[in-house]
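Working notes for the structure below.
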Amino acid sequence: ICRLLRTTMAIAWKEIQIYFTTPTAYIIGAMFLIYAGIMFVLDITGQSPEASVRSFILPTSTFFILLSPLLTMRLLAEEQKLGTLELLLTAPVRDWEVVVGKYLASVVILVATLALTAYYVIMIYSFGNPDTGPLLSAYLGVVPYGAAALSVGLLASSLSSNQLVSSVVGMGTLLILTFIDELGSRLSGIPAEILSNISMRSHFSDFVRGIIDTGNIVYYISIIAIFLFLTIRSVETRRWR
């Protein structure tokens with residue numbers, strides 16, 4: 001078990017170093033922070049300013065539709081394009097170690113980006129008296145939400161050697177998973193309930209309101225497990241190509 005963990009962490013550490021030595025992570029992180037900042041300023045300067053993170057956490061969660069595929073599009077697509085994925089798979093490394101290692105690297109970058117929004121939290125506490133409960137629950141929810149979105153992007157990256165194609169597939173899939181509840185709102189009965197439960201967005205709103213429902217956490221963990229499983233199977237098929 002220790003050897004497996006060392007291998008996975010070694011792959012993750014290598015990818016993290018690549019993230020920080022290329023402009024991609026910095027550009028994507030800057031885009032996210034600028035968008036979050038705009039949402040924050042619009043809220044505190046509005047007619048009914050609110051001392052909470054809801055103003056930027058809730059709208060920026062949909063930014064993961066763009067953020068996650070951009071963070072993950074390189075991880076497997078570039079390896080396929082350069083032919084290094086085949087070399088990696090012939091090494092004494094298991095497929096799941098490659099997938100999980102690369103996935104963990106993207107999660108670290110996501111968490112690091114989210115950590116930078118602490119500046120807005122400090123400002124809220126400096127000029128207001130926010131309720132700490134919803135603030136903590138919002139961050140507790142946005143991490144698994146983003147991690148689930150990254151797993152979708154990683155699967156898309158495994159399907160093509162073209163990074164642009166991978167990012168488009170990832171964005172399209174996330175668009176469906178995010179806004180499918182809109183279709184459900186136009187239906188009734190069991191179909192409406194099913195579509196609402198599938199939606200990633202509908203499971204996030206409780207966290208922003210300060211409600212921590214284990215069912216929502218299980219949902220995001222399930223999304224992560226399903227898409228990582230599919231990614232591993234996608235990588236395994238390359239052995240037979």
Side-chain angles (χ1 to χ4, degrees), residues 28-29 31-68 71-72 103-104 106-153 174-182 184-185 192-228:
I28 296 173
M31 290 169 56
F32 177 81
L33 292 174
I34 290 172
Y35 182 69
I38 291 173
M39 294 297 102
F40 178 72
V41 170
L42 288 176
D43 185 72
I44 63 175
T45 58
Q47 294 181 347
S48 302
E50 182 180 8
S52 74
V53 297
R54 184 183 308 177
S55 58
F56 66 90
I57 287 292
L58 187 57
T60 52
S61 62
T62 57
F63 193 75
F64 288 141
I65 296 172
L66 174 65
L67 177 72
S68 300
L71 277 177
T72 56
Y103 172 72
L104 290 177
S106 67
V107 172
V108 169
I109 299 302
L110 174 68
V111 173
T113 302
L114 289 172
L116 296 177
T117 62
Y119 172 74
Y120 305 129
V121 177
I122 293 173
M123 289 188 64
I124 291 173
Y125 273 99
S126 298
F127 298 100
N129 185 28
D131 188 347
T132 303
L135 188 150
L136 294 177
S137 66
Y139 274 99
L140 179 64
V142 78
V143 172
Y145 185 106
L150 289 173
S151 68
V152 176
L174 285 170
L175 273 171
I176 295 172
L177 287 174
T178 301
F179 296 107
I180 197 170
D181 59 328
E182 291 291 337
S185 65
E193 186 176 348
I194 291 174
L195 293 179
S196 178
N197 287 330
I198 292 175
S199 172
M200 293 177 63
R201 183 176 60 171
S202 64
H203 288 271
F204 182 65
S205 56
D206 284 344
F207 288 103
V208 180
R209 293 196 297 266
I211 302 172
I212 300 176
D213 187 342
T214 54
N216 295 326
I217 297 176
V218 170
Y219 165 82
Y220 289 122
I221 293 175
S222 299
I223 290 290
I224 294 169
I226 290 170
F227 279 91
L228 287 184

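Every heavy atom of this structure was used, including side-chain atoms; hydrogens, water molecules and symmetry mates were not.
Note that CZ of F63 and OG of S68 are 10.0 Å apart. Values are rounded to the nearest 0.5 Å. Going from atom CG of D206 over to atom CD1 of I211 covers 4.5 Å, rounded to the nearest 0.5 Å. For the atom pair CG (L66) and CD1 (I28), the distance works out to 7.5 Å, reported to the nearest 0.5 Å. Note that the CG atom of L71 and the CG atom of L110 stand 7.0 Å from one another [nearest 0.5 Å]. How far OG1 of T72 is from CD1 of I109: 12.5 Å, rounded to the nearest 0.5 Å. With values rounded to the nearest 0.5 angstrom, N216 atom CG is found 9.5 Å from N197 atom CG.
Nearest heavy-atom pair, M200 versus A149, reported as atom, atom and distance to 0.1 Å: CE-N, 3.9 Å. Closest approach of P144 to L140, counting heavy atoms only: CD-O, 2.8 Å.
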Exercise for the section: I would like to know whether S151 and I223 meet side-chain contact (heavy atoms from CB on, under 4.5 Å); could you show each step before the answer? Expected result: CA-CA 8 Å; S151 68; I223 290 290; 4.2 Å; yes
Practice task
Please assess Y139 against T117 for the test side-chain contact (heavy atoms from CB on, under 4.5 Å), listing each intermediate value before the final yes or no.
Solution key: CA-CA 10 Å; Y139 274 99; T117 62; 2.7 Å; yes
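A heavy-atom distance below 4.5 Å is not found between the side chains of L67 and Y35. At least one side-chain heavy atom of I217 sits under 4.5 Å from a side-chain heavy atom of I212.
Aromatic ring pairs are classed by plane angle as parallel below 30°, tilted from 30° to 60° and perpendicular above 60°; the pair H203 and Y219 is parallel.
Between the side chain of S137 and the backbone N or O of F207 there is at least one donor-acceptor pair closer than 3.5 Å. Under a 3.5 Å cut-off, the side chain of S106 and the backbone N or O of Y103 do form a donor-acceptor pair.
Applying the ring-ring contact (aromatic ring centres under 6.0 Å, His included) test between F204 and each of Y145, F64, Y220 identifies Y145 as the sole match.
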